[in-house]
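Residue numbering restarts at 1 for every chain, and letters A, B, ... go by the order of the sequence lines.
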Number of protein chains: 2
Amino acid sequence: MAADEPSTGLLLFLPYRALENRVLAALTAAGFDDVTPAQARLFQRIGPEGTRLTALAEQAQVTKQTAGALVDHLERAGYVRRVPDPSDARARLVRIAERGLEALPIAAAVVAEVEAEWLVHLGKRRMAQLRGALHALREITDPYA
Amino acid sequence: MAADEPSTGLLLFLPYRALENRVLAALTAAGFDDVTPAQARLFQRIGPEGTRLTALAEQAQVTKQTAGALVDHLERAGYVRRVPDPSDARARLVRIAERGLEALPIAAAVVAEVEAEWLVHLGKRRMAQLRGALHALREITDPYA
DNA sequence: TGACATCGTCAGCTTCTCTGACTAATTTAG
DNA sequence: CTAAATTAGTCAGAGAAGCTGACGATGTCA
């Protein structure tokens, strides 16, 4: 199967997984060892002003029940806080809390570090081509673009 | 967080997820509705001559116990078969069985279809640039390249 | 006002994934 | 050539992740 030409899907997945692993490893090393991959995938979609549970669930493509359970864990660990949504009494906004704010710069630093490594390996030109093509691809693969 | 520039990681992930969704949906529609995403991710790494459980586990980055449980399900559903490994009496090779062979062309067709859509959207030049950059990236992100 | 949709939670269940411990076979060291 | 260390796989137990279905509360719209 994987013998001849690897599908573009696999080629996309490999660097994505490598980056995610690096970020999770760095967080663990920095003492944020109670974040699981699934929690991190949800967490990274929280906007600066907070985001509704339903919105998080949609973007992460999980049910709102699953998202709720993940937010429960994140909240108990101090990474996020649920606050009332002023615009809708049914809803609540998931906001990044103290511990989450502490973890953010670490994650951002690793992402920057890995992207810098990729830039060195690919060269400026090919890195720009890669990002350009990925941006274009997003238009037809991201329901939220 | 996701406000300004999306990380290359997210940009890689979005099309990957879109492709995976399409493949799973097509399999389900074709009657292969008993394959889960985790099982499919393992299945796709089985080589033409069969692959050892440990090798599958490493490539999918799960423990061999997890891989074993996934293969159990795949085997019960008829997608794979475990056969003795002639070169090592401890080991067994996971081989694609009848039902798995039937599913393969369907998956391959969807992958081809999606890649064709991407080609249309990106154009020949940018698609080639994308694959070129991803191939290069594989060298530093795939432990099995 | 009433019908319908949306936001979130509770409950119950399956699948995924891990750690730890173990057997059997292979490889390596002395 | 035996003894120790390594490797392949399984069993057992546990927690996390994910789903469907049902529900109360709020919001929207005719």
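Residues B:Arg52 and B:Val94 form no side-chain contact, since every pair of their non-hydrogen atoms from C-beta on lies 4.5 Å or further apart. A:Leu137 places a side-chain heavy atom less than 4.5 Å from the side chain of B:Leu130.
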Q. Nucleotide by nucleotide, 5' to 3', does protein get under 4.0 Å of the base (B), only the sugar-phosphate (S), or neither (-) in nucleotides 10-16 of chain C, counting heavy atoms?
A. B-----S

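Where the helix from C:dT1-D:dA30 to C:dG30-D:dC1 starts and where it ends, the local axes point in directions that differ by 40°; five pairs per end, rounded to 10°.
Note on A:Asp34 versus A:Arg99: salt bridge recorded, some NZ/NE/NH1/NH2 to OD/OE distance being below 4.0 Å. We find that A:Glu75 and A:Arg81 are not joined by a salt bridge, their nearest charged nitrogen and carboxylate oxygen being 4.0 Å or further apart.
Counting only residues at least two apart or in different chains, ring-ring contact (aromatic ring centres under 6.0 Å, His included) contacts with residues 7-37 of chain A comprise A:Phe13-B:Tyr16, A:Tyr16-B:Phe13.
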Q: Given salt bridge (Lys or Arg N to Asp or Glu O under 4.0 Å), test A:Glu20 with A:Arg41 step by step and report yes or no.
A: CA-CA 9 Å; A:Glu20 190 181 79; A:Arg41 282 190 281 266; 3.1 Å; yes

Q: Determine, step by step, whether A:Arg45 and A:Thr51 satisfy the side-chain hydrogen bond (donor to acceptor under 3.5 Å, both in side chains) criterion, reporting the C-alpha distance in whole Å, the side-chain angles of both residues, the deciding distance to 0.1 Å, and the verdict.
A: CA-CA 8 Å; A:Arg45 289 175 163 84; A:Thr51 305; over 6 Å; no

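Distance check: B:Tyr79 OH to B:Leu70 CG gives 14.0 Å after rounding to the nearest 0.5 Å. For the atom pair CD (B:Gln129) and CG (B:Leu134), the distance works out to 11.5 Å, reported to the nearest 0.5 Å. Residue A:Thr54 holds its OG1 atom at 11.0 Å from CD of A:Gln59, rounded to the nearest 0.5 Å.
Across the protein-nucleic acid pair, A:Arg52 atom CZ and C:dT9 atom P stand 13 Å apart, rounded to whole Å. At whole-Å resolution of the value, CD in A:Gln61 and C1' in D:dC19 are 15 Å apart. Atom CG in A:Asp85 sits roughly 12 Å away from atom C1' in C:dG8 (whole-Å rounding). We find that NZ of B:Lys64 is positioned 6 Å from C1' of D:dG9, with the value rounded to whole Å. Rounded to an integer number of Å, the gap from CG of B:Leu93 to P of D:dG9 is 8 Å. Rounded to whole Å, the distance from CG on A:Asp34 to P on D:dG15 is 17 Å. Between the CG atom of B:Asp33 and the C1' atom of D:dT20 there is a distance of 16 Å, given to the nearest Å. The CG atom of A:Leu24 sits 15 Å away from the C1' atom of C:dC18 (whole-angstrom rounding).
Between B:Arg82 and D:dA8 there is no side-chain polar atom (N or O) within less than 4.0 angstrom of OP1 or OP2. For A:Thr54, a side-chain nitrogen or oxygen approaches OP1 or OP2 of C:dG8 to under 4.0 Å.
Of the candidate nucleotides D:dT10, C:dT9, C:dC7, C:dT9 has the atom lying nearest to any side-chain atom of A:Arg92.
Other residues, nucleotides and ligands contribute more than 12 heavy atoms inside 6.0 Å of the CD atom of B:Gln61. Atom CZ of B:Arg76 has more than 12 neighbouring heavy atoms from other residues, nucleotides or ligands inside a 6.0 Å radius.
When all heavy atoms of A:Ala30 and A:Ile106 are compared, the pair lying nearest together is CB-CD1, 3.6 Å.
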What does the list of N/O pairs under 3.5 Å between the protein and nucleotides 1-5 of chain D look like, with a distance for each?
none

All N/O contacts under 3.5 Å from nucleotides 26-29 of chain C to the protein, with atom names and distances to one decimal?
unit_1, atom_1, unit_2, atom_2, d
C:dT26, OP1, B:Ala89, N, 3.1

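By the salt bridge (charged side-chain N to carboxylate O under 4.0 Å, His left out) test, B:Glu113 pairs with B:Arg22, sequence neighbours left out.
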